Amino acid sequence: MTTKSYILGFGSYAPERILTNTDLESLVDTTDEWITTRTGIKQRHMAAEGETTSDLGAKAAMNALASAGLAAKDLTHILVATCTPDAMCPSTACLIERKLGVSGLMAVDLNAACSGFLYALNLAQGIVAMNADAKVLVVAAEVLTRRLNWNDRSTCVLFGDGAGAAIVSARPNEGRTVEIADCLLSSDGALGDLLLISGGGTSIPYKHGDSVGDEFFVRMEGREIFKHAVRSMARVCEELLTRNGIKREDVDMLLPHQANLRIIEAVGKKLDIPAEKVFVNLQEYGNTSAASVPLALADADSKNMLPAGRTILLTTFGGGFTWGAALLRT
Ligand code: COA
């Protein structure tokens, strides 16, 4: 990409209610020990009754605006990555626009499951390349706990609710530069059946008066996903580093999708990036799908872990299958 693009600010939001592994022990046949050793997750946040994806997304957006020193009226576009929208229509992006008290923006949702944030970031790069004055709000927000089968212990312990946001522009903030140096994204629709929420769309429609079946909730083949996730994230990171002429030892931080600590460790190992350079916060949030990477970025930023002069490698994997990587330079 010839036009450069920059992140002006990061923001995140997680619902107040916390569900610990110990809380889960009274809901399903599981233990804190099993969840901790198999996944690294200790707790997850859960939206309150009536709290929606756009509520979480709007709060993350406001935090990103504050971090960028901007007001909602400065925005030109809203891209929202989610696989748990408030509704089929209107889009969560339009609902967030309304909650931010603005109108007249281009506002649209996209669904790349857990990879949604990096997909949206790449589209934002395209928008600022076409329009040097654009200020694109990229939000990734999920309320996956409403799409979990609480009778399926192999999935319901993994996910949590949350939102992350970033503002993308063709020019950096004064005094702080976070360049989106490159993005590389991929997918393989043939693997879609390994991770899905198939009910509620046109293939398995909801009919008035029907009871809702298991297909309306997350279903997955955990072991298969595990293998594909490690392989795909490691490969796409290697390709991105190679095409940018960056050596593995020059990566200051690897910030991967927060799905499972064992997946994260395996990716770090395959890339030869030591554990102390790998950012992990899934113990607090679980897998928040599209929100995971921007939530982790906002978390790292709030801990002053993104100072000037760093090369940060983001990578993600999700349903579809979709996966990708991005390089940030501070
Ligand atoms: N508590 C206790 N036991 C559980 C359990 C739970 N929450 N969930 C599954 N088990 C049991 C299984 O029933 C199985 O029992 P069995 O041996 O008697 O049949 C046993 O634990 C092992 O199950 P298995 O599925 O082989 O475990 P695993 O080591 O593969 O770990 C996952 C399961 C789901 C944690 C792991 O496969 C994973 O994380 N996969 C990736 C999923 C993911 O990240 N998806 C989102 C991608 S974006």
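When a ligand or atom number is given, it counts from 1 through the structure's own listing order. As the structure is a computational prediction, the values presented were derived from the model and not from experiment.
For atom 45 (N) of ligand 1, the nearest non-hydrogen atom of the protein is M220 SD, 3.5 Å. Looking only at heavy atoms of the protein, atom 44 (O) of ligand 1 is closest to A259 CB, 3.6 Å. Nearest protein heavy-atom neighbour of atom 39 (O) of ligand 1: N260 ND2, 2.7 Å. Counting only heavy atoms of the protein, atom 33 (C) of ligand 1 lies nearest to W34 CH2, 3.9 Å. Closest to atom 31 (O) of ligand 1 among all protein heavy atoms lies R262 NH2, 3.5 Å. What sits closest to atom 48 (S) of ligand 1 on the protein, heavy atoms only, is C114 SG, 3.4 Å. Of the protein's non-hydrogen atoms, the one nearest atom 14 (C) of ligand 1 is R153 NH2, 4.7 Å.
Side chains of R219 and N149: a donor-acceptor N/O pair is absent below 3.5 angstrom, by distance only. A side-chain donor from one of T52 and D86 sits under 3.5 Å from a side-chain acceptor of the other. In this model, a donor atom of one side chain and an acceptor atom of the other lie less than 3.5 Å apart for T145 and D161. In summary, the side chains of Q125 and N122 do present a donor paired with an acceptor at a separation below 3.5 Å, with no hydrogens or angles considered.
Considering both main-chain and side-chain atoms, T39 never comes within under 3.5 Å of ligand 1 through any nitrogen or oxygen pair. Geometrically, ligand 1 and N287 share no nitrogen or oxygen pair separated by less than 3.5 Å. Annotation: G222 places an N or O atom under 3.5 Å from an N or O atom of ligand 1; distance criterion only. Below 3.5 Å of separation, one finds an N or O of R223 facing an N or O of ligand 1.
Heavy atoms from other residues, nucleotides or ligands lying under 6.0 Å from NZ of K247 number 12 at most.
A distance of 8.5 Å separates NZ in K4 from CZ in R329, rounded to the nearest 0.5 Å. Of the inter-residue distances, the one linking E221 atom CD with L191 atom CG reads 11.5 Å to the nearest 0.5 angstrom.
Distances from atom 28 (P) of ligand 1 to the heavy atoms of E224, R38, E25 show the closest one on R38.
Contacts with ligand 1 closer than 4.0 Å are made by heavy atoms of both the backbone and the side chain of T30.
Between the H45 side chain and the I18 main chain, no donor and acceptor come within less than 3.5 Å of each other. Judged purely by atom type and a 3.5 angstrom limit, D252 has no side-chain atom pairing as donor or acceptor with the backbone of I312.
Aromatic rings of F317 and H228 (six-membered ring for Trp) have centroids beyond the 6.0 Å cut-off, not under it.
Atom 16 (P) of ligand 1 lies below 4.0 Å from none of the non-hydrogen atoms of the protein. Within the 4.0 Å cut-off (strictly below), a protein heavy atom is located near atom 11 (C) of ligand 1. The presence of a protein heavy atom under 4.0 Å from atom 7 (N) of ligand 1 is confirmed. Within 4.0 Å of atom 26 (O) of ligand 1, at least one protein heavy atom is present.
Shown in contact with I225 at under 4.0 Å from a heavy atom are these atoms of ligand 1, numbered in order with element: 45 (N), 47 (C). Those atoms of ligand 1 that come under 4.0 Å of a heavy atom in F317, given as number and element, are 48 (S). Residue-ligand proximity, V157 to ligand 1, at heavy-atom distances under 4.0 Å covers atoms 7 (N). Listed by number with element, the atoms of ligand 1 under 4.0 Å from a non-hydrogen atom of H257 are 48 (S).
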inquiry  = Pair K42, T20 - check side chain to side chain donor-acceptor pair (under 3.5 Å), show working.
reply    = CA-CA 6 Å; K42 293 299 287 181; T20 65; over 6 Å; no
Q | Residue pair N260, R38: steps toward the side chain to side chain donor-acceptor pair (under 3.5 Å) verdict | A | CA-CA 8 Å; N260 181 314; R38 302 284 176 133; over 6 Å; no
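Residue L79 forms a side chain to side chain contact (heavy atoms under 4.5 Å, CB included) with just one option from V139, V168, V136, L137, and that option is V136.
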